[in-house]
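The structure appears below as structure tokens.
A note on names: the letters A, B, ... follow the listed sequences, proteins ahead of strands, and every chain is numbered from 1. Scope of the values below: all heavy atoms of this structure, side chains included, with no hydrogens, waters or symmetry mates. These numbers come from a predicted model, not from an experiment.
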2 protein chains.
Amino acid sequence: MKTDQTAQDYLRQVLAGEPDDDCPVRRTLEILNGKWRTHIIYELCKKPFCRFGELKRALPRITSTMLTSTLRDLERLGIVRREQYNEIPPHVEYSLTEKGRALLPVFFEIHRWAQRYLGPEAAGPGPESGD
Amino acid sequence: MKTDQTAQDYLRQVLAGEPDDDCPVRRTLEILNGKWRTHIIYELCKKPFCRFGELKRALPRITSTMLTSTLRDLERLGIVRREQYNEIPPHVEYSLTEKGRALLPVFFEIHRWAQRYLGPEAAGPGPESGD
DNA sequence: CGGTATCCGAGTCGATACTG
DNA sequence: CAGTATCGACTCGGATACCG
């Protein structure tokens with residue numbers, strides 16, 4: 001499998017002496033870490049842009065506080081773009097940057113691992129029809 | 001690129017209505033989440049097995065408490081295997097299970113993203129093109 | 001050698017109330 | 001509509017001390 005080959009290659013890099021203090025994997029995990037971050041990125045994947053209220057409706061359990069805070073974090077990290085329209089009524093549009101969209105392959109790889117080792121059914125009623 | 005294609009495929013799954021409450025990606029992220037987890041998995045990748053003291057030496061800043069606790073968590077999650085030898089002197093050997101080793105492709109994909117968007121050397125804002 | 005027990009500070013998450 | 005401010009519960013990680 002190609003992926004395994006590349007993973008082996010990566011292992012070799014690790015073995016070559018990559019320090020763990022400035023580990024890019026850990027840093028990325030910390031970026032993704034946070035109860036709502038992936039959920040919000042998910043939602044923003046579905047459309048070219050999304051308004052605050054739309055996100056709030058899509059994520060019924062999130063509070064305004066958390067939505068704002070997470071959105072700000074993601075914006076600061078360069079993953080989400082915020083565009084404000086000061087018309088009447090005012091509104092804001094959130095969208096994913098290229099950096100944010102590039103997270104999709106990562107999510108996909110995680111998803112594959114989860115399917116295999118966490119179990120497809122435990123992972124929810126995904127559209128695994130006949131597959 | 002093949003990976004992009006599959007990621008697109010995955011996006012379609014998400015769009016198909018995958019709920020976010022039982023999201024496998026989030027669950028996996030929570031498994032990986034923890035200051036020392038990836039570091040320990042890293043170390044265990046380097047050798048077929050590793051003793052407690054070896055791990056402690058490889059991760060100088062970790063305390064016994066955290067090492068034990070993280071190892072136990074990882075064991076409970078089926079990622080790490082613990083084998084105890086009650087000889088004199090007694091010792092313990094830790095190793096990665098297949099489930100644990102299968103995390104490598106995930107790490108690799110995260111690593112690729114980090115290289116590109118976190119920058120190989122610095123935490124720069126990545127190659128943002130007019131997207 | 002390979003841990004366990006306990007305490008504590010810092011950070012995360014959520015509820016509530018209020019605003020331009 | 002799209003937030004901000006504040007407070008408290010809970011969890012995580014680290015320090016310290018001790019054990020089979």
Practice prompt. For A/Gln84 and D/dA2, give me the distance from atom CD to atom P, rounded to whole Å.
Written response: 10 Å

Which atom pairs link the protein and nucleotides 5-8 of chain D when you take only N or O atoms and keep those under 3.5 Å?
unit_1 : atom_1 : unit_2  : atom_2 : d
D/dA5  : N6     : A/Thr65 : OG1    : 2.8

Discussion item. Quick check on D/dC1: is either OP1 or OP2 less than 4.0 Å from any side-chain nitrogen or oxygen of A/Arg51?
Written reply: no

Worksheet entry | Watson-Crick or G-U pairs under 3.5 Å in DNA chain C, rendered as dot-bracket with [ ] for crossing pairs and | for another strand | ||||||||||||||||||||

Taking N or O atoms only and anything under 3.5 Å, show me the protein contacts with nucleotides 7-13 of chain C, one pair per line.
unit_1 : atom_1 : unit_2  : atom_2 : d
C/dC13 : OP1    : A/Lys35 : N      : 3.1

Practice prompt. Would you indicate whether the side-chain heavy atoms of A/Leu118 and B/Lys99 approach each other to under 4.5 Å?
Written response: yes

Worksheet item: Hey, does the side chain of B/Arg72 come within less than 4.0 Å of C/dG3's phosphate (OP1/OP2), counting only N and O?
Response: yes

Worksheet item: For the pair made of CG in B/Leu71 and P in C/dG2, what is the distance, rounded to whole Å?
Response: 11 Å

Item to complete: With a 4.0 Å heavy-atom cut-off, tell me which residues in residues 86-95 of chain A come close to DNA chain C, sorted by residue number.
Response: none

Discussion item. What contact category does B/Thr68 fall into here, base, sugar-phosphate, or nothing, at under 4.0 angstrom with non-hydrogen atoms?
Written reply: base

Worksheet item: Between A/Arg27 and A/Glu30, is the closest basic N to carboxylate O distance under 4.0 Å?
Response: no

Practice prompt. In whole angstrom, give the distance that lies between atom CZ of B/Arg61 and atom C1' of D/dG14.
Written response: 13 Å

Worksheet item: When rounded to the nearest 0.5 angstrom, what distance separates CZ in B/Arg101 from CD1 in B/Ile79?
Response: 12.5 Å

Worksheet item: Roughly, in whole Å, what's the span from CG in A/Leu67 to P in C/dA15?
Response: 14 Å

Practice prompt. Report yes if some heavy atom in the side chain of A/Thr68 is under 4.5 Å from a heavy atom in the side chain of A/Thr63; otherwise report no.
Written response: no

Worksheet item: What integer distance in Å separates A/Glu54:CD from D/dA2:C1'?
Response: 13 Å

Discussion item. For A/Tyr94 and A/Glu75, which I'm curious about, is there any donor-acceptor pair between the side chains at under 3.5 Å?
Written reply: no

Fill in: Partner set under ring-ring contact (aromatic ring centres under 6.0 Å, His included) for B/Phe52, not counting sequence neighbours
none

Worksheet item: For B/Tyr85, which residues count as a ring-ring contact (aromatic ring centres under 6.0 Å, His included) partner, sequence neighbours excluded?
Response: B/His91

Worksheet entry | Side-chain heavy atoms of B/Tyr42 within contact of A/Val25, under 4.5 Å | yes

Worksheet item: Does a side-chain N-to-carboxylate-O contact under 4.0 Å join A/Arg57 and A/Glu54?
Response: no

Fill in: For atom NZ of A/Lys56 and atom P of D/dT4, their distance in whole Å
14 Å

Worksheet item: Any side-chain donor-acceptor pair under 3.5 Å between B/Gln115 and B/His111?
Response: yes

Practice prompt. For the residue pair A/Thr38 and B/Arg26, confirm or rule out a side-chain donor-acceptor distance under 3.5 Å.
Written response: yes

Practice prompt. Using a cut-off of strictly less than 4.0 Å, decide whether B/Arg82 has a side-chain nitrogen or oxygen near OP1 or OP2 of C/dG3.
Written response: yes

Discussion item. For A/Gly78, is there any backbone N or O sitting under 3.5 Å from a side-chain donor or acceptor partner on A/Thr97?
Written reply: yes

Worksheet entry | Flag side-chain contact, heavy atom, 4.5 Å: B/Asn33 against A/Leu29 | no

Item to complete: Side-chain contact test, heavy atoms from C-beta onward, threshold under 4.5 Å: evaluate it for A/Leu59 versus A/Glu43 and give yes or no.
Response: yes

Worksheet, complete the sentence: Atom CD1 of A/Ile62 and atom P of C/dA15 are separated, to the nearest Å, by 11 Å

